[in-house]
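Just so it is clear, the values below take in all heavy atoms, side chains as well, and ignore hydrogens, waters and symmetry mates. The first residue in the sequence is number 1, and the count goes up from there.
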Amino acid sequence: MAKNKNLIYIAISLVVFIVLAFLYSTPVFTGKQLFQHDIVQYRGGAKELLDYRADTGKETYWSDSMFGGMPTYQMGSQFNGDIIKKIDSKLNFLPRPVNYLFLLSAGFFLLGMVVVRNWKYALLGATFFGLSTYFYIAIAAGHNGKINTIEYFAPLLAGILLVYIRKQYIWGFIVTTLFMGLQIAANHPQMTYYLFLALGFLFLSELIRGILKKTPMKHFLISSGIVAASCLIGVGMNSQRIMANSEYIKETVRGKQILTNSSNTGGDSGMDKESMLMWSYGKLETLNLFIPRLMGGGSQEPEGKEMMAKIQELVQENVSSQAEYDRISKGFGNLTYWGDQPGTSGPAYQGAIVCFLALLGFFIAWKKYRYWILGASILTVFLAWGSNFMALSDFFIDFVPFYNKFRAPSSILVVVELLFPLIAIIGLYRFFTDKTLTQEYKQKTLLYVGGGTLGFVLILLVFGKSLLGFHTENEKTYLPPFLLDYLTDERFKLFRIDAIKAFIYVAIAVAALFLVLKQKLNQNIALVIIGIVSLFDLWTVNKRYLNDDNYVDKIFAENPFQTESSDLMAEKVQGNPNLEPILANVNVNKTLETIAEKDKTHYRIFNNILGTFSETNTSYFKSSIGGYHAVKLRRYDDVINEYFQIMDSVKVPNILNLLNAKYLVLGGPEQPQAMPNPKANGNAWFVSDLKFVESPNQEIKAIGTINSKRTAVISADDKKYFDGKPVQADSTAFINLTKYQPNELEFKSQSKTPQLAVFSEIYYPHGWKFFIDEKEVPYIKADYLLRAVHVPAGNHSVRMVFEPEVIEKGKWISLICFSLFVLLSGAGIFWLNKNKKQTQPKEA
């Protein structure tokens with residue numbers, strides 16, 4: 001009976017999560033969809049991939065849509081036999097973002113049930129975790145892969161704790177394996193990596209407990225073996241994805257450096273430190289976990305418009321010279337954010353009550369949870385500081401494997417946002433239910449932690465201006481006192497509002513706990529009070545960053561690259577900052593569409609209006625020189641940095657010719673101009689001269705100055721390729737593209753002498769195969785980033801096809817691992833049922 005009653009409460013809790021998710025996302029009821037910046041960019045960049053899939057029913061693992069061409073592994077490619085991804089899709093059955101909000105809460109509910117085995121506390125903890133502000137900011141931005149990965153943080157941890165703490169080896173194996181597989185399938189390795197840094201403390205804690213004989217060493221070894229097997233099988237179920245990305249990552253900006261310059265050394269692995277640590281959390285900024293606008297919240301808080309209007313008024317009244325105005329302009333940054341990051345969409349707010357209860361939990365919770373959660377929380381906070389704690393960051397970059405593959409260390413705070421709600425409900429559960437803790441100890445701890453927290457807020461309220469400053473060093477240097485004083489006062493007001501709220505919320509929680517101790521309040525009522533106040537707190541803060549303005553009509557969400565404007569569109573767009581770029585870019589999109597419709601051959605467009613390397617409007621209509629992606633191929637990124645950071649009027653055209661930029665889109669958004677580029681090299685060409693260079697630095701420098709139609713720059717390492725393969729000039733020779741698909745190109749060539757054919761296709765050493773008259777031949781790299789192949793004299797067909805072997809190998813490994821998971825899980829459940837029947841008492 002009790003078991004059935006518990007199941008009813010669990011079902012009700014899941015319904016509550018769905019209801020809350022829909023209530024938060026009410027525009028979905030009217031058919032509106034989220035408008036997410038990164039998803040808009042994805043729709044443009046993945047257009048060729050999606051069209052190919054729709055037209056052929058097949059998958060292409062290469063696309064020419066962005067950056068001259070790149071693998072699609074990080075662009076939404078699908079893999080045959082990818083069963084675990086199908087399970088992920090089934091779990092995310094609700095409309096976006098309801099699916100994310102539901103699974104975040106439901107996953108933590110499972111964790112809470114494993115840890116405290118009480119649905120009330122699991123429900124409360126799920127609310128704490130599911131409403132963490134960072135998740136809503138990420139959803140608004142379109143970081144769907146990140147949120148999809150975080151969904152599985154809590155249930156994966158639940159499976160591991162089932163093994164280590166609950167000693168339920170079979171169920172622990174099933175849960176751990178399943179959610180490890182789902183976590184990897186969500187395809188955000190950075191988030192998974194950060195989680196496992198934290199889980200290292202759990203492993204260390206269990207090892208120490210085994211050494212100290214708090215738990216049998218045999219259990220530790222068995223548990224570690226089960227968890228290791230679970231993780232290996234979970235990873236194995238994603239073999240296609242992992243093997244393809246592992247191969248790809250080596251050739252990207254996350255892999256080894258190729259060039260040697262002031263910021264890096266050729267052969268060094270990972271990104272340069274400046275890029276890695278750009279988004280580092282400030283030390284004081286960490287208090288945003290507790291007070292959301294301690295540093296102003298986000299760069300674009302609503303109050304910023306009023307502040308800007310007042311600043312303009314003050315400047316007009318007090319500034320009389322252009323020189324003074326120019327000096328003041330140097331001091332302006334983000335009006336509503338003054339932290340250490342270049343800018344931010346909002347704070348990693350965890351909730352005032354959650355932070356207070358987490359602090360309480362570090363004194364009250366069982367030691368088997370307390371110490372590893374504390375250690376993991378401290379480490380992740382320190383790592384989030386990034387460039388503000390270089391001793392630790394340098395150590396991890398230089399010595400901890402794979403850490404230097406990831407940027408934006410501030411995002412590691414997602415681990416704290418998992419662990420704080422966990423330690424909070426553990427401490428709260430023990431505070432209310434553990435009879436081994438004396439009333440005196442509970443009361444003393446509550447008063448010390450509660451009083452200390454409230455006192456800390458009061459200190460900030462009284463001495464905040466002197467302690468926190470509310471301005472940056474740059475503002476202090478350039479802004480005159482009348483502006484600096486105004487900014488400081490306004491920012492302090494923002495902080496004060498949230499600080500007072502934090503004080504009130506914590507005071508309510510402290511009072512509720514104290515009244516329960518004094519038997520003046522029922523425990524369940526106290527939980528309801530804490531839950532409602534925390535829900536109100538997080539809900540209202542989250543609405544600053546993800547609200548009804550983020551939802552738009554379906555037509556805008558699914559086709560953000562509009563080519564026609566109308567009064568109706570203008571009416572719908574007016575006042576919505578998310579949609580204003582759609583209207584602003586209509587003329588540019590129309591120009592791109594016109595080019596693509598009039599000239600259906602294969603070429604690329606250089607769009608210099610919208611920000612060449614931060615837009616995918618061009619990619620939506622035609623192959624682009626630019627694009628928007630965090631994991632570009634290293635060689636292409638090197639060319640961008642070498643030539644497009646400073647637009648040399650001679651060298652840049654040379655590079656555009658190499659990349660077959662047949663059209664240039666110049667001018668402004670209102671009156672874009674499409675300019676044909678008659679000097680573009682075309683899709684392929686024969687060269688008569690070979691310029692051998694000794695280093696990558698010489699290679700990349702040379703391509704900006706040579707006549708690339710006649711000369712190819714070749715690395716000295718490839719000299720052996722030409723043994724027995726002469727290259728001779730022939731003014732009548734030609735090679736033409738006859739068939740184009742993103743993963744297969746065919747050419748016809750004619751020449752009287754042997755030639756080196758250079759293709760305006762990006763060099764990638766894995767998966768591409770060349771065939772001359774259907775006989776496979778080797779190829780080389782030319783001009784630092786292009787492909788080239790030796791073509792004998794005569795008439796020939798030349799074909800290149802992208803057939804990465806890792807896809808087929810990975811498919812079979814994935815299927816074997818998933819079959820092994822099903823087989824072991826089935827055998828385990830059968831054994832459990834059989835053992836259960838044998839242990840049941842026989843009827844009289």
Under 3.5 Å, is there a donor-acceptor pair linking the side chains of [X] and [Y]?
{"X": "D88", "Y": "Y152", "value": "yes"}
{"X": "Q755", "Y": "T753", "value": "yes"}
{"X": "N657", "Y": "N677", "value": "yes"}
{"X": "D783", "Y": "Y763", "value": "no"}

Item to complete: Decide yes or no for Y721 and I714: does some side-chain heavy atom of the first lie under 4.5 Å from some side-chain heavy atom of the second?
Response: no
(message) A cation-pi test, strictly: NZ or CZ of K47 under 6.0 Å from the centre of the six-membered ring of Y620 and no more than 45 degrees from its axis. Yes or no?
(response) yes
Tell me if the aromatic rings of F759 and Y779 count as close, with their centers under 6.0 Å from one another. no
One should read off an interatomic distance between F621 CZ and T563 OG1, to the nearest 0.5 angstrom, of 6.0 Å
Report the relative orientation of the aromatic rings in H790 and F722; use parallel for angles under 30°, tilted for 30 to 60°, perpendicular for over 60°. perpendicular
Would you call the rings of F402 and Y193 parallel, tilted or perpendicular, where under 30° means parallel and over 60° means perpendicular? perpendicular
Heavy-atom nearest pair, F79 first then Q240, reads CB-OE1, 3.3 Å
ask   = Counting distance only, does the side-chain N/O of D773 pair as donor-acceptor with the main-chain N or O of K775 below 3.5 Å?
value = no
